[in-house]
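Worksheet for the structure shown next.
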Amino acid sequence: MMRILAALVAAVVLTGLGAASWAAGAADQPKRGGTLIYGLSTEPPDLDPHVNSGASAGTVKMAVYQGLVRYGHGGSIEPALAEHWGLVGQTQYVFHLRPGVKFHNGDPLTASDVKFSLDRILDPRTGSALRSSLRAVKRVEVMDPMTVKIVLSQPFAPLLAYLAQPYGAIVDAKFVQGGANLRSTMMGTGPFKFVSWEPGQRVRLVRNEAYWEPGKPYLDAINFVPLADAQTRLTALRAGDIMLMDFVPQEQMNAIARDSQLRLYADVGIFMCIIFNPQRKPYDDVRVRQAIAYAIDRDAVVKTIFDGRGTPITGDVIPASWWAHDRNADGMYTYRPDKARQLLREAGYGDGLRITIMAPITYSLHTRTAQVLQAQLAKVGIQAQLDLPEWAVVLNRHNQGDFAIEVRGLSASVNDPDFLSLFYESDSPYYPKQVGFKDAQLDQWLDEARVVGNQAIRKQLYAKIEERALTLAPWVYIAWGDQGEAARAYVRGYDHYPGPLGTYSGYSLSSTWLAK
Amino acid sequence: MGAYVLRRLIAAAAMTAAIATAVFLLLRAVPGDVVVVMLGENAASPDKIAAMRHALGLDRPLLEQYTVWLAHLARGDFGTSILSGRSIGAELAVRVPRSLELGVFALAAAVLLGIPLGTLAARRAGRPLDLAITGVSVLGLTFPSFVVGSVFVLVFGLVLHWFPATGYVAFSDDPLGHVRHLVLPALTLALTFAPVVLRMTRAGMLETLSQDFVRTARAKGLAERAVMVRHVLRNSLIPVITVLGLQAGELIGRIVLIEYIFNWPGVSSLLLTGAFERDYPLVQAVVVVVAAAFVLINLLVDLTYMLVDPRIRLA
């Protein structure tokens with residue numbers, strides 16, 4: 001009797017185990033349905049897909065719009081609205097559109113929509129984030145309803161990397177010409193359809209039943225809720241009021257990673273740096289700029305600012321995981337206080353130096369970096385004062401060149417080392433123009449590296465560019481740090497894209513599902 | 001009496017206009033540029049900035065911008081937000097009721113807590129119950145609303161899960177959810193506010209209780225309840241109303257903070273983003289509306305005096 005009972009118990013336990021493991025297996029199969037509530041750090045100021053109005057707004061737009069190509073899981077460029085494409089000669093790209101794709105209003109996608117969209121991006125009145133990057137585009141031609149040709153004025157290696165950004169969205173020409181205001185409404189080909197924007201409350205999207213990727217998306221709907229304060233956002237996530245949040249505060253990442261209810265999606269995504277105005281004394285002297293580069297203890301910065309979740313940049317700022325990263329430059333600027341003091345002496349500041357560092361008080365990452373730098377610079381005889389205006393003031397003063405030394409947190413704007421041209425090319429409106437930075441050698445190499453198609457040659461060029469830029473030191477790099485999102489554990493299928501592509505992780509919302 | 005009301009109305013309108021002017025000028029004096037914020041850090045070439053300034057009319061003389069704005073304002077047109085391009089009037093129409101709702105519920109809760117407890121404390125003056133009530137009210141006064149709010153979020157939202165920690169649900173979408181979201185922020189506001197009402201009620205009652213007419217009322221055999229409500233409470237309410245008016249003004253400021261902590265989508269987030277991004281017309285509109293509300297509340301307080309105390313009508 002006892003034996004039978006034992007066998008029965010064993011049988012029950014085994015079936016139970018079997019059921020449990022079966023359930024676990026089922027949980028890995030994407031489940032359709034449910035509404036994802038996504039807490040955003042910023043309410044979208046507008047919904048225009050061609051305008052860069054911040055990473056949070058970008059996430060919303062990415063769920064509705066698509067471009068010819070996009071970034072897939074892992075950051076590789078994959079086909080989206082273009083099924084395939086080819087290069088004719090060195091300056092003509094021919095894109096073949098995916099057949100059967102419809103806009104959310106039922107209009108079929110055609111080559112003239114693509115031409116209309118690219119022309120809109122290139123129109124200065126649009127204020128598109130892509131316009132200056134696509135200046136090599138001479139014209140866009142409709143070859144037949146499903147084929148479009150982009151004609152370049154010169155070879156341009158990073159074209160696809162730029163078009164894969166969300167700003168390369170294809171909009172419905174008829175819809176826009178019919179008077180739709182793209183700043184306040186959205187209508188694209190993406191996995192989700194725009195329903196409403198209730199200011200301050202939410203942006204609501206629902207599943208596009210006619211989406212071209214089979215089976216996707218899994219979610220019925222997404223509500224994007226603005227939650228400006230990072231702490232409030234995290235509180236809402238912990239309470240279950242929201243299921244996914246962007247821009248996790250760095251000092252909370254380790255705690256989130258330990259919490260079994262939550263999941264952290266983060267990767268190196270932002271680098272902290274110092275920008276000098278070489279027109280101002282004492283930064284007109286390269287030795288002073290280099291001295292500051294040697295005076296920074298980058299490991300300490302990573303510990304204090306990024307809670308250990310980061311990597312010091314001692315050389316090339318191009319992420320170490322990229323093909324173009326120059327390993328020879330690593331170790332160029334390590335913490336060498338003696339060398340810093342020696343350079344300061346040579347520059348005539350052996351008795352000490354008083355400086356003022358500007359950083360936006362709006363972002364604690366920036367102000368905290370400035371505070372750490374203040375303490376570190378004091379050790380080599382530099383007395384730094386902090387000037388902490390709001391972000392709007394920082395932007396304005398930066399644009400007018402009205403700063404001497406500034407702390408910035410930045411990312412690569414594109415998955416291609418061409419992002420360096422924004423920093424160093426003399427006609428870039430980002431930095432060189434404001435402070436009159438001009439180096440003919442850098443200009444020439446940056447231009448060449450953009451034109452050449454061969455990756456090995458490009459890599460050599462970028463190595464030369466980085467080594468020269470590091471020696472001139474108009475910018476001093478400090479560290480890459482993690483950036484990312486956090487979600488409730490039951491949110492599955494979401495993916496944080498590697499490195500600087502992290503802000504494009506919204507592409508993975510089409511494969512996100514809820515296991516509950 | 002009509003002349004008095006009219007005089008007060010004109011003064012209120014003049015005050016609002018003066019505030020509007022001050023806001024306009026102050027905003028222009030603050031460094032930072034909406035166009036630069038709008039174009040973002042990667043895309044701001046000087047010619048682009050100039051073109052955008054021109055398109056938005058920001059390159060016109062200040063006086064012209066001011067008169068245009070004032071003329072529109074006088075017609076009730078708040079203009080459009082520079083950043084979002086949306087009608088500010090429409091946005092305010094959505095947001096103001098939400099803040100108002102929070103304020104009204106907080107005020108009502110504060111009055112419902114403060115006046116009965118204050119009356120109770122006055123009647124038991126000096127006894128343990130009075131000491132307990134006034135003691136707790138001191139605590140309420142001492143803790144800033146953002147501390148109380150954060151503690152509420154932690155205790156009732158994160159640990160006990162009685163109420164949602166943050167957020168907002170429209171009443172039309174989910175009436176119960178709407179009220180559940182309202183409880184914590186409204187209660188937080190009320191708790192920093194009720195002690196003031198309580199203490200003013202208690203002090204006013206104690207003073208009135210020592211008056212001769214109270215002794216007379218009791219002497220002529222009125223029930224204690226009637227003495228308290230008809231004679232004592234009514235005569236003690238003037239300072240309470242004054243304080244309510246002053247506090248309602250302060251409440252507006254506190255609502256901004258509470259809306260931020262609880263992510264309540266009222267006017268405060270509009271004001272904050274507007275201020276950070278230098279969206280001039282938006283900030284101007286919000287400040288003018290808030291200032292007008294403040295002036296209006298003070299006006300109402302003054303007019304309420306007349307109802308409660310006939311002597312003021314003669315002044």
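In what follows, chains carry the letters A, B, and so on, assigned in the order in which the sequence lines appear, proteins first and then strands, with residues in each chain numbered from 1.
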Who wins among Pro45(A), Gly39(A), Pro199(A) for the most heavy-atom pairs under 4.5 Å with chain B? Pro199(A)
Counting only heavy atoms closer than 4.5 Å, note whether Glu43(A) contacts chain B via side chain, backbone, both or neither. side chain
Whatever's closer than 4.5 Å to a heavy atom in chain B on Arg202(A) counts as side chain
To the nearest 0.5 Å, what is the distance between CG (Leu227(A)) and OH (Tyr260(B))? 10.0 Å
Do Tyr168(B) and Glu198(A) come close enough that some side-chain heavy atom pair is under 4.5 Å? no
Of the options Thr235(A), Asp241(A), Thr232(A), which is the one that meets Thr166(B) in a side chain to side chain donor-acceptor pair (under 3.5 Å)? Asp241(A)
Distance col, row Ser269(B):OG vs Asp229(A):CG, nearest 0.5 angstrom, shows 12.5 Å
Report which part of Gln201(A) has an atom under 4.5 Å of a heavy atom belonging to chain B: side chain, backbone, both, or neither. both
Greater than 12 external heavy atoms within 6.0 Å of His54(B)'s NE2: no
Please classify the contact between Ile82(B) and chain A as side chain, backbone, both or neither, with a heavy-atom cut-off of under 4.5 Å. backbone
Region of Ala90(B) that comes under 4.5 Å of a non-hydrogen atom in chain A: neither
I'd like to know whether CZ of Arg125(A) has more than 12 heavy-atom contacts from other residues, nucleotides or ligands below 6.0 angstrom. no
Measure the shortest side-chain to side-chain distance between Arg278(B) and Val393(A) over non-hydrogen atoms and say whether it is less than 4.5 angstrom. yes
Evaluate whether atom OH of Tyr490(A) has more than 12 neighbouring non-hydrogen atoms of other residues, nucleotides or ligands under 6.0 angstrom away. yes
Using non-hydrogen atoms only, which part of Pro226(A) is less than 4.5 Å away from chain B: side chain, backbone, both, or neither? backbone
Once you round to the nearest 0.5 Å, how far does CD1 of Ile261(B) lie from CD of Gln231(A)? 11.5 Å
Is it true that, when you exclude Phe156(B) itself, more than 12 heavy atoms of the residues, nucleotides or ligands shown sit nearer than 6.0 Å to its CZ? yes
Shortest non-hydrogen contact between Ala239(A) and Gly157(B), atoms and distance: CB-O, 4.3 Å
